[in-house]
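For reference, the structure is listed below as C-alpha cells.
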Protein chains: 2
Amino acid sequence: MERPADDLTARARIRDAAIRLFGERGIEGASIRDIAAEAGVSSGLVRHHFGSKEALREACDRYAKERMLQIGAELTQDHDLTGLDPLALHPVAFPLQLYIVRSMMDGSETATALFLEGVDAVEEWTTSFGINPKDRRGYAAALAAIKLSVFVFRDQVSKALGEDITTPAGYNRIGQALMEVFTIPLLTQEQVDNMRKQEK
Amino acid sequence: MERPADDLTARARIRDAAIRLFGERGIEGASIRDIAAEAGVSSGLVRHHFGSKEALREACDRYAKERMLQIGAELTQDHDLTGLDPLALHPVAFPLQLYIVRSMMDGSETATALFLEGVDAVEEWTTSFGINPKDRRGYAAALAAIKLSVFVFRDQVSKALGEDITTPAGYNRIGQALMEVFTIPLLTQEQVDNMRKQEK
DNA sequence: GGCTTGACTACACGATCGTGTAGTAGTTTG
DNA sequence: CAAACTACTACACGATCGTGTAGTCAAGCC
C-alpha cells in the first residue's frame, strides 16, 4: 500500500501533494505552483491533468472521501465507538483527514456529505448499542463533531498537554481522556432538567 | 454596547471589519482592500493605522481575546459547565469566536494562548466540582476542544439537523444534545479498562 | 514511414496581492 | 500666524496568483 513516490504516476503525485498542501495551508494558502513543485512537475501539468484549481480541489475531495471510506472499511474489525478513531493516526489517513476538515471549513459539499454520513453511522450505532437519547439525531451530530474536535485542535491540545498527540503515546493519552469524558457523567439527569426549565 | 457603525472611529471599524472577514474567509482569503471596503475607508488607511497585514492580525488577536474575556466576565453568573457556552451565540461574541478559531487554525500564538487558558479554567472547574479523572489535564483539554467543536462544525451540524444551530432554537437543541453526551455514560469503566489493555 | 495522441514544459497574459510614496485637509501647538 | 502633527486618499511598485498558448517528446496506430 505504501509505495515510494517514484512509483506513482505524475497525476497521483500532484493529487497527493495537493491534499497535503491544501490540508496544511488551506485552499487559498497553497498555490498551483507550490503543489507542482511539491509533486516535482511543472505547474502547467497540474492544469493539464485537472483543468483548474477548483477542479483539482473537487478531485481531491472525491479521492479523499473514497480513500477514507476504503481505509475505514479495512479497519472495521473494532465496531465500538473508538473503532473509527485509529483512522486519525493512520499514516495514510492523517493527511486525508486533515484535508477533509479543511475542506469542510471552506464549505466543500463533498466534505460536508462525509460528515453527514458519519452522523448517520453514529446514529445507527446508538440504536444498535441500546443508547436512547431524547434527541437521537442531535446526539449523533454532537458526537460526530466531538470525534473531529481533538483532531482539529491537535496543535492546541498538544500544547496543553506538553505532548504531541499525533504520536502514538500522545494519541493514546488524549484517547483515554476522551474515554473518560464518555464514562464520567458530568451532570445528573436532574441538573439537565433544571437547565432545560431555565432556558425556556 | 451596540453602537451604529458611524459612531465608531475609522480604526475601530477597520478592526471590526478585519475580524469579520478574517473569521469568515480566513487570513489569506481576506485582502486588505476587502477589509478597507468593508470598513468604508481607503486601503492606505488600513496600513496607516496598523502598519501591515500581519500587524493588523495581531491587533485583531489582542482585541478579540480581551473582548472575549470581558464579555465572558459579564456573563459569569452561571458558573456551571454550560455557563461559557452562551458566548457562542452572543451577538458580539459570535464573530469574535469565529475569528479566534480561524486564528487558532492558522497558528496564532495569542489564540492558542486563549485555548490554554480555557483548559486551565476547565481544569480548575473539575477540581472544584469534585470530578476526578485519572488524567485531569487530558480530560480538561478534551473538554475544551469539545466545547469548540460544535462551533467549528456549525454548518455541518446544522445541515445534519436540518436546523440552523446559530439561531436560539437550534442552539438550544444542540446544547441539550451535548448535555446528554455528558449525562449518558457511553462506556462502562470495565470497557475502558479492557481497551486500555488492548492498546498496550 | 507518417500521424495522431497524450504527457509534459516554457512562457506570457491580466488580475490581484501587500506594500511603498506622495500629497491633501484639518486640527493642534508653539 | 506658522509649523507640526494626524487622519486620510490616490497612485504606482514588484511579486505572485490562476490561467492561457505554443511547442517538445515519446508511444501507439494506420
Side-chain angles (χ1 to χ4, degrees), chain A residues 3-63 99 102-103 105-110, chain B residues 3-63 99 102-103 105-110:
Chain A
R3 291 161 297 192
D6 304 0
D7 284 4
L8 295 173
T9 64
R11 193 176 199 278
R13 271 185 290 125
I14 291 170
R15 184 234 302 130
D16 289 350
I19 288 178
R20 186 162 56 252
L21 293 188
F22 280 157
E24 287 173 4
R25 311 179 191 173
I27 310 295
E28 305 267 358
S31 71
I32 289 187
R33 286 171 177 84
D34 290 340
I35 294 167
E38 184 84 0
V41 298
S42 70
S43 65
L45 189 60
V46 177
R47 178 167 172 76
H48 171 70
H49 278 303
F50 295 94
S52 71
K53 189 177 187 179
E54 179 58 25
L56 170 60
R57 211 192 77 134
E58 288 168 9
C60 289
D61 274 358
R62 281 192 304 273
Y63 176 80
Y99 169 77
R102 270 281 192 180
S103 198
M105 297 193 69
D106 285 354
S108 155
E109 303 247 340
T110 307
Chain B
R3 290 162 296 192
D6 306 0
D7 284 4
L8 295 173
T9 64
R11 193 175 201 279
R13 271 185 292 126
I14 292 170
R15 184 234 303 131
D16 288 351
I19 287 179
R20 186 163 55 252
L21 292 188
F22 280 157
E24 288 173 5
R25 311 179 190 173
I27 310 295
E28 306 266 358
S31 71
I32 288 188
R33 286 172 176 83
D34 291 339
I35 293 167
E38 184 85 0
V41 298
S42 71
S43 67
L45 190 60
V46 177
R47 177 167 171 77
H48 171 69
H49 277 302
F50 295 95
S52 73
K53 189 177 186 179
E54 179 57 26
L56 170 61
R57 211 192 76 132
E58 288 168 9
C60 289
D61 274 359
R62 281 194 303 273
Y63 176 79
Y99 169 77
R102 270 282 191 179
S103 196
M105 298 194 68
D106 286 355
S108 155
E109 303 248 341
T110 306

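Here is how names work: the chains are called A, B, and so on, in the same order as the sequence lines, proteins then strands, and each is numbered from 1. Since this is a predicted model, take the numbers as computed values, not measurements.
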Between [atom2] on [N] and [atom1] on [X], what's the gap in Å once rounded to a whole number?
X: B:Ile27; N: C:dG18; atom1: CD1; atom2: C1'; answer: 14 Å
X: B:Leu21; N: C:dG18; atom1: CG; atom2: P; answer: 12 Å
X: A:Phe22; N: D:dG18; atom1: CZ; atom2: C1'; answer: 11 Å
X: A:Arg11; N: C:dC8; atom1: CZ; atom2: C1'; answer: 14 Å
X: B:Lys53; N: D:dA15; atom1: NZ; atom2: C1'; answer: 14 Å
X: B:Ile32; N: D:dC8; atom1: CD1; atom2: C1'; answer: 16 Å
X: A:Arg33; N: C:dT9; atom1: CZ; atom2: P; answer: 14 Å
X: A:Glu28; N: C:dG18; atom1: CD; atom2: C1'; answer: 15 Å

Nearest to side-chain heavy atoms of A:His49, which nucleotide of C:dA7, C:dA12, D:dA7: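 Of all the options, the side chain of A:His49 is nearest to C:dA7.
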B:Val41 side-chain proximity, nearest of D:dC17, D:dT9, C:dG18: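 Looking only at heavy atoms from C-beta outward on B:Val41, the closest nucleotide is D:dT9.
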Any A:Ile35 side-chain heavy atom under 4.5 Å of A:Arg20 side chain: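 Sidechains of A:Arg20 and A:Ile35: no contact.
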4.5 Å side-chain heavy-atom contact, B:Glu58 and B:Tyr63: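 The answer is no, as the side chains (C-beta and beyond) never meet within the 4.5 Å cut-off.
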Sugar-phosphate only, base, or nothing, as touched by A:Leu45 at under 4.0 Å among non-hydrogen atoms: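 Touches a base.
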Residue-phosphate contact under 4.0 Å: A:Ser42 side-chain N/O, C:dC8 OP1/OP2: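 Answer no for this pair, as no side-chain N or O of A:Ser42 is under 4.0 Å from OP1 or OP2.
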Presence of A:His48 side-chain N/O under 4.0 Å of C:dA7 phosphate oxygens OP1/OP2: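 For A:His48, the contact criterion (side-chain N or O under 4.0 Å from OP1 or OP2 of C:dA7) is met.
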Ring-face cation contact, B:Phe50 with B:Arg11, 6.0 Å cut, 45° max: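 Positive - B:Arg11 is close enough to the ring of B:Phe50 and near enough to its axis.
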Side-chain ion pair, A:Arg102 and B:Asp106, N-O less than 4.0 Å: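 Salt bridge between A:Arg102 and B:Asp106, a charged N being under 4.0 Å from a carboxylate O: yes.
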